[in-house]
Every structure is written in structure tokens, then in C-alpha cells.
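Everything on this sheet refers to the single structure shown next.
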Number of protein chains: 2
Amino acid sequence: MPWSDGSYKIKKVISIGTVSELTGLSERQIRYYEERKLIFPERSKTGIRKYSFQDVETLIEIANQLEEGVLTHEIRKELKRREQLIDPKVVRNSLLQGQLNAHFK
Amino acid sequence: MPWSDGSYKIKKVISIGTVSELTGLSERQIRYYEERKLIFPERSKTGIRKYSFQDVETLIEIANQLEEGVLTHEIRKELKRREQLIDPKVVRNSLLQGQLNAHFK
DNA sequence: CGTGTAAGGAATTCTGACACG
DNA sequence: CGTGTAAGGAATTCTGACACG
């Protein structure tokens, strides 16, 4: 089974009500953070939002940052920075970019 | 966070529609296997069934067994046997039982 | 035995908006 | 800016039952 590896953490299967219970955040807050591009749930064919455990963790971090007075725009940049450190796609592109730079130096 | 350990696999957060997609089983089938004591979802306060990724895996095994012509009652015994091998509670009880047996031999 | 389906109701989720500050 | 809420509609889930075999 394609999904049965160790990737339970990133599989988007949790609906917003459950995420609300897990994080202690209101559904309003969760939807707002999506509007501000901090979180990216998938959607069922009929438009129902689905989140992963990874998303739940991110949401808790977002809530913590906000409590500290950080603005959503700042949090967004912080999250973006982190993505680049782990996203294989970005890693590949970085390497490619390095080669290009060297080639055209 | 209590849930944020490696236990994403056993946390019951997936509703039946999503489980149906993940397993390819109908909701009718999934509810029936519960009726036959093969699977044990949790319930939200309002009665909505919630499953874990572990449950999803179990459901797929159940479906495979059924295709092979195994009866739900047989599958139930098989699953019970397995539980005993991994459930810490049962392990503890077995040890305790051993001590008692020795004591009253 | 295992599964499909129609039935009626209850709970969930969605969007866009008004409110406060 | 970040969050609450009432509003109306659409999608989801639940149970008990009839059906087939």
C-alpha cells in the first residue's frame, strides 16, 4: 500500500473539527491561517478541508508565535525558510542552480 | 504535546468517509466489521466514528481474509491472538498470572 | 453471512459578511 | 490584524430495516 510507509505524519486525512480538538484552536482560526498562507490543507472532491498530523504540529507552532505577538506575515516567512531546508524539490533545485552558476561563471 | 510522539499511527482521528477512500471498502462494510468486533473505532461526543491509521491497516487485512473466504468469526480470533502478542497490558497480566500460578502451585 | 440501498434525522463543514479594535 | 458569530446551504454520518442469497 502506497500510504502505508512511515508517512502517516504527512497524509492529509483529518477534518477541521478534529484538528480543532487536537490543537485547541477554533475552526475560525484554522481557516484564517490558511487564508494567510500559513497552512495548506487538501480538499475532498466536495471541498472539505483535510489536514495531516504535520499540519497539526505546524498549527500549534503558529499559535505559539501569535501569542508571542508575531504577525502572520512574519510567521509565513519563517515557515518558508524551514520548508527549504527539508523539501527535496528545493534541494534539487539548489543543486541545479549551483551547477548553472558554475557553468556560466 | 501528549499526542505528538511517534503514535500518529494509533491516534483515532479519521472519519469513515476517508477510511472508505483509504481502504476501498464501503462504509457499510466498515461498520459491519465493527458490529462483528473486528475493529474498534472511537466516537466523538456526538457519535461520529474515528479511526486510526492502524485501524486502516487492519481493515485492509480483514478485507483480504474475507476475499480468501475466511469467516468474520475466524478473523476475529486471529486478530485477538495478535493483540496478545503486542499489548503491554496483556503482557503484564501474563507475567502476573505466571507468578500467581507459581505461588499457588 | 456479508453487503447494497432508501429513509429520515442529526452533526459537520463551507463561504461571505458584519463586528470589534 | 486576528477572531467571534449568525446565516443558509451543501456534504457527511448515524441507525434500523428490507433485500438477496
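Each chain gets a letter, A, B and so on, in the order its sequence line appears, and its residues count up from 1.
Scored by the side-chain hydrogen bond (donor to acceptor under 3.5 Å, both in side chains) test, A/R43 finds no partners at all (sequence neighbours excluded).
Here the shortest heavy-atom pairing between A/V70 and A/L66 reads O-CD2, 3.3 Å. Heavy atoms only, all atoms of each residue included: A/I75 and A/Q65 are closest at CD1-CB, 3.4 Å.
Residue A/R31 has no polar side-chain atom (N or O) positioned under 4.0 Å from OP1 or OP2 of D/dG4. Checking the phosphate oxygens (OP1, OP2) of C/dT3, no side-chain nitrogen or oxygen of B/Y32 falls inside 4.0 Å. Between A/R28 and D/dT5 there is no side-chain polar atom (N or O) within less than 4.0 angstrom of OP1 or OP2. In terms of phosphate contacts, B/R49 brings a side-chain nitrogen or oxygen within less than 4.0 Å of OP1 or OP2 of D/dC14. Using a 4.0 Å cut-off, no side-chain N or O of A/Y33 falls inside it from OP1 or OP2 of D/dG2. OP1 or OP2 of D/dT15 lies within a sub-4.0 Å distance of a side-chain N or O belonging to B/R43.
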Identify each atom pair where a protein N or O and an N or O of nucleotides 8-12 of chain C are less than 3.5 Å apart, giving names and distance.
residue	atom	partner	partner atom	Å
C/dA11	O3'	B/T46	OG1	2.9
C/dT12	OP1	B/T46	OG1	3.0

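Rounded to a whole Å, the CD atom of B/E67 is 14 Å from the P atom of C/dG2. Rounded to whole Å, the distance from CD1 on B/I62 to P on C/dG2 is 11 Å. Remark: P of C/dG16 and CD of A/E35 are 10 Å apart, rounded to the nearest angstrom. Computed from coordinates, the A/I14 CD1 to C/dT13 P distance equals 12 Å when rounded to whole Å. With rounding to whole Å, B/N64 atom CG is found 16 Å from C/dG2 atom C1'. Distance, B/L38 CG to C/dT3 P: 10 Å, rounded to whole Å. Protein atom CD of B/E74 is 10 Å distant from nucleotide atom P of C/dG2, rounded to whole Å.
Between A/L79 and A/I62 there is a side-chain heavy-atom pair separated by less than 4.5 Å.
Under the 4.5 Å side-chain heavy-atom criterion for Ile, Leu, Val, Met, Phe, Trp and Tyr, A/I48 and A/V19 are members of distinct hydrophobic clusters.
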Annotated structure of DNA chain D as dot-bracket, pair cut-off 3.5 Å, Watson-Crick or G-U only, | for inter-strand, is .||||.||.|.|.||.||||.
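Summarising the geometry, atom CG belonging to B/L59 is positioned 10.0 Å from atom CG belonging to B/L22; distances are rounded to the nearest 0.5 Å.
The residues B/E83 and B/K80 are annotated as not salt-bridged, no charged nitrogen and carboxylate oxygen being separated by less than 4.0 angstrom.
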